[in-house]
Number of protein chains: 2
Amino acid sequence: MAKRPPVKRKRTLKWQRDPEGMRLRILEAAKQEFSAHGLAGARIDRIAAKAGANKRMLYYHVGNKEDLYLTVLEGAYEKIRGEERQLDLEHLDPPEAIERLIEFTWNYFLRNPEFLALLNTENLARAKHLKRSTKVKSMHSPFVEMIRTVVTRGVESGDFRVTVDPVQLYISIAALCFFYLSNSATLSVIFGRDLLTKEARDERLAHMVSLVLAALTGKSTALFDKPKAPSLRAPAHHTA
Amino acid sequence: MAKRPPVKRKRTLKWQRDPEGMRLRILEAAKQEFSAHGLAGARIDRIAAKAGANKRMLYYHVGNKEDLYLTVLEGAYEKIRGEERQLDLEHLDPPEAIERLIEFTWNYFLRNPEFLALLNTENLARAKHLKRSTKVKSMHSPFVEMIRTVVTRGVESGDFRVTVDPVQLYISIAALCFFYLSNSATLSVIFGRDLLTKEARDERLAHMVSLVLAALTGKSTALFDKPKAPSLRAPAHHTA
DNA sequence: ACAGTATTTATCCAACGGGTTAATTCTTGC
DNA sequence: GCAAGAATTAACCCGTTGGATAAATACTGT
């Protein structure tokens, strides 16, 4: 039970206070860490180091590891929902609206790969944390209603031959984008070609747009028609 | 450097040898553990316990944690490739072949949820292990060629209006199935409805088939047309 | 100035977890 | 039968890691 003697301070370096900045840096570092290693693989020490902080600060500002994780996850959802809201498809022709929606989803996932990893991590945990989050549950995706009206308009205008459940359509569009990007590493190995080159990405976007639009409108897009050589390039080694 | 004195054995319980069985039990237990918790979250002790084995046995029969993980992953790929081979689409009408392919993929993923989790885990690691595997690389999926011939036949027969890169089509079909099931936990929370009920699953399969076939053939399937009420059921709580 | 609080640092620790050592028992070829 | 090797068990080693404690320093209002 020997009491530890008072710690001697050697350096009296000045440090600045910046609680908000610190919190932000912690959350950013945690996002990187959790998306790179998952929940169990993430290391508190690495997050602290990356944030230019001390481990103790995480607990001070956010709480324990799981709290930190949930906060990061909530932030990720907030971000995408925010961007989703800015995308208004109301003024566009229904087919253009769908195309724009696909492009947005695709580019968002491309720009925010951590989001994909975080979702996968959370699904591995069977949404255990998300279920506890009151925040996320209230953040309904504005997409579903937007899509519903787009589909309705499209059917009325004759652009679309069919009606679809907007939720199914939303999931399908997300699926086409998500799976390709989230699984690009294993797919690249399996197919022996780099799926993340500029050309491959452009090709994929074109494919997705024509797939969905062809199904909805009944007209095959020129892009979809492209016969495409097998294009068996060298296996992927960079994952830019 | 004090030598440990010889350990005294108290119980002289008889035990049976069963190397092959033991190895299988270990791999099965490991598959469960890795798919349930990911690579970092998996616990060697739990795997041993689940296999009715001793921790030391894992190292004796398979190697260290990463070796074990890779072995499990390779086994998972072998299994799906094996079932894929049995599925011959050659005799079917092109549209039926595509429908059958979608149904197979969907049902395989439904029956083998661990496979989805393993793939996600491996993609989190950017396919680090898969790249090292000589086994998997040699298991080039015959699927791509199968799909290519189906598409070619479809175009020649006039069933399909368009040509598609078989890799893109394969990825799209896998994507539609994979994403829905792999992310059902978070999606169920977001949309406030259980996506894994029998009805929801049937609805999803119908949606995917009509989406892809409508795009390929230009004819909208009856199923796709179903206007579908919003059907906002109670939030999901069981994840059967 | 200065008391009181908010923020940050240095240090510690108990539990955990992968991996290892060494002893023991079963099996098989001769 | 019995020696050699294969399979299995128990014990334990040791770095890691999440989390905790206490002290120190910056900031704020008065």
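The figures here come from the full heavy-atom set of this structure, side chains too, leaving out hydrogens, waters and symmetry mates. Computed from a prediction, not measured in an experiment: that's the story for all the values here.
- Scanning atom types as modelled, one donor and one acceptor separated by under 3.5 angstrom connect the side chain of A/Lys55 and the base of D/dG18.
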- Item | Check against side chain to side chain donor-acceptor pair (under 3.5 Å), A/Glu122 and B/Thr186 | CA-CA 7 Å; A/Glu122 180 60 7; B/Thr186 56; over 6 Å; no
- Task: Let me see the working for B/Tyr69 and B/Phe34 under ring pair (Phe, Tyr, Trp, His ring centres under 6.0 Å), right down to the final yes or no.
- Result: CA-CA 7 Å; B/Tyr69 166 76; B/Phe34 283 128; 5.4 Å; yes
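- Here D/dG18 presents its P atom at 11 Å from CG of A/Asn64, a figure rounded to the nearest Å.
- Within the nucleic acid shown, A/Ala48 has no heavy atom closer than 4.0 Å to any nucleic acid atom.
- Nearest-nucleotide assignment on DNA chain D puts the 5′-proximal partner with B/Arg25, out of B/Arg25 and A/Glu66.
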- Task: Assess whether side chain to side chain contact (heavy atoms under 4.5 Å, CB included) is satisfied between A/Arg43 and A/Lys65, documenting all intermediate values.
- Result: CA-CA 9 Å; A/Arg43 292 294 166 259; A/Lys65 193 182 185 182; 4.0 Å; yes
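- You'll find that the side chain of B/Arg56 is closest to C/dA22, out of C/dG19, C/dA22, D/dT17.
- With D/dG18, C/dT8, D/dT8 as the candidates, the nucleotide lying closest to the side chain of B/Tyr60 is D/dT8.
- Rounded to an integer number of Å, the gap from A/Arg43 CZ to D/dG15 C1' is 12 Å.
- The aromatic rings of B/Phe104 and B/Phe143 sit perpendicular, their planes meeting at an angle over 60°, well past the 30° parallel limit.
- Between D/dT9, C/dA10, C/dG18, one nucleotide has an atom nearer to the side chain of B/Tyr59 than all others, and that is C/dG18.
- Not one side-chain nitrogen or oxygen of A/His61 sits closer than 4.0 Å to the OP1 or OP2 atom of C/dA6.
- Atom CD1 in B/Ile47 sits roughly 12 Å away from atom P in C/dG17 (whole-Å rounding).
- The side chain of B/Met57 approaches D/dT8 more closely than any other nucleotide in the set C/dG18, C/dT8, D/dT8.
- Between the CE atom of B/Met22 and the P atom of C/dT27 there is a distance of 13 Å, rounded to whole Å.
- Distance B/Arg23 CZ to D/dT8 P: 13 Å, rounded to the nearest Å.
- One atom, CD1 of B/Ile44, and another, P of D/dT16, lie 17 Å apart when rounded to the nearest Å.
- Between A/Tyr108 and A/Phe115, the ring planes are perpendicular. Angles over 60° get that label, and only those under 30° would be called parallel.
- The CG atom of A/Asn54 sits 14 Å away from the P atom of D/dG18 (whole-angstrom rounding).
- When the P atom of D/dG18 is taken as reference, atom CG of A/Leu68 falls 11 Å away, rounded to whole Å.
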